[in-house]
Amino acid sequence: MKCPFCSYEESKVIDSRPADDGERIRRRRECIKCGKRFTTYEIIESVPIIVVKKDKSRQVFDRQKLFNGMIKACEKRPVTTDDIDRAVNDIELQLQNSLDREVTSIQIGELAMEKLKAIDDVAYVRFASVYRQFRDINTFMQELNKLLEKETNK
């Protein structure tokens, strides 16, 4: 951190404390060369996640859009909004922690289906039917049979 008084590039931290409800850290520093003190603020750099759609267009990840899609799949099911919110938070955290700044809508859909499968089978099938665009009753039945096989193997 460059000293604002003498432009020397080394300083020592004298005091650190949270600021803005923990969103930033306020640091009091002292220049090694001139001894003057100054304050700096440290914040987390947020890099947006870019979603690559099927048509190759790109848009910023919108957690609300994912939440709404999962809510729709869980309509009239015994699933709480807290369950869905936790699932969306997990998906968003997984995307943030990956090193990729661009993810495909397919990856997000697969993560959503994985979470819904653990929450409610009917919600999972509803989401999958829209997401995978089941063309006919046979593809729908194949997905249901996979679920039934997993249930009998438990």
Under the salt bridge (charged side-chain N to carboxylate O under 4.0 Å, His left out) rule, collect the residues that match up with [X], sequence neighbours excluded.
X    : value
R29  : none
R26  : none
D121 : none

Linking I/L/V/M/F/W/Y whenever their side-chain heavy atoms sit closer than 4.5 Å, directly or via other members, would [X] and [Y] fall into one cluster?
X    : Y   : value
I119 : I71 : yes
I106 : V88 : yes
I49  : V52 : no

Legend entry - Distance, nearest 0.5 Å, that separates NZ of K33 from CD of E9: 11.0 Å
Legend entry - Separation between CZ of R86 and CD1 of I91, rounded to the nearest 0.5 Å: 13.0 Å
Inset, instruction - Please confirm whether the backbone N or O of S98 pairs with a side-chain atom of R101, one donor and one acceptor, at under 3.5 Å? - result: yes
Does a side-chain heavy-atom distance below 4.5 Å link [X] with [Y]?
X   : Y    : value
P78 : D120 : yes
R77 : R126 : yes
K36 : E30  : no
I25 : P18  : no
S11 : C3   : no

Legend entry - Connected hydrophobic set around I32, excluding itself, where side chains approach under 4.5 Å: Y8
Legend entry - Fellow cluster residues of F5, listed by chain then number, with links counted only when side-chain atoms sit under 4.5 Å apart: M1, F38
Legend entry - Distance-minimising heavy-atom pair for V51 and T104: CG1-C, 4.3 Å
Legend entry - Shortest non-hydrogen contact from A19 toward Y41: CB-CE2, 4.3 Å
Inset, instruction - Check step by step if side-chain contact (heavy atoms from CB on, under 4.5 Å) holds for L116 and E114. - result: CA-CA 6 Å; L116 283 171; E114 185 180 301; over 6 Å; no
Legend entry - Pair Y124-M113, side-chain contact (heavy atoms from CB on, under 4.5 Å): steps then yes or no: CA-CA 6 Å; Y124 162 75; M113 285 193 304; 3.7 Å; yes
Legend entry - Pair R28, T39: side-chain N/O donor-acceptor within cut-off below 3.5 Å: yes
Inset, instruction - Could you tell me whether K115 and D90 have a side-chain N and a carboxylate O separated by less than 4.0 Å? - result: yes
Anything under 3.5 Å between a donor and an acceptor, one on a side chain of residues 57-67, the other on a protein residue two or more places apart or in another chain? List them.
| residue | atom | partner | partner atom | Å |
| --- | --- | --- | --- | --- |
| S57 | OG | D55 | OD1 | 2.6 |
| R58 | NE | E102 | OE1 | 3.4 |
| R58 | NE | E102 | OE2 | 3.0 |
| R58 | NH1 | K56 | O | 3.2 |
| R58 | NH2 | E102 | OE1 | 3.2 |
| D62 | OD1 | Q64 | N | 3.0 |
| R63 | NE | E92 | OE1 | 2.8 |
| R63 | NH2 | N89 | OD1 | 2.2 |
| Q64 | NE2 | N68 | OD1 | 3.0 |

Inset, instruction - Report the C-alpha distance between T40 and E42 in whole Å, list the side-chain angles of each, state the deciding distance to 0.1 Å, and finish with yes or no for side-chain contact (heavy atoms from CB on, under 4.5 Å). - result: CA-CA 7 Å; T40 61; E42 187 176 304; over 6 Å; no
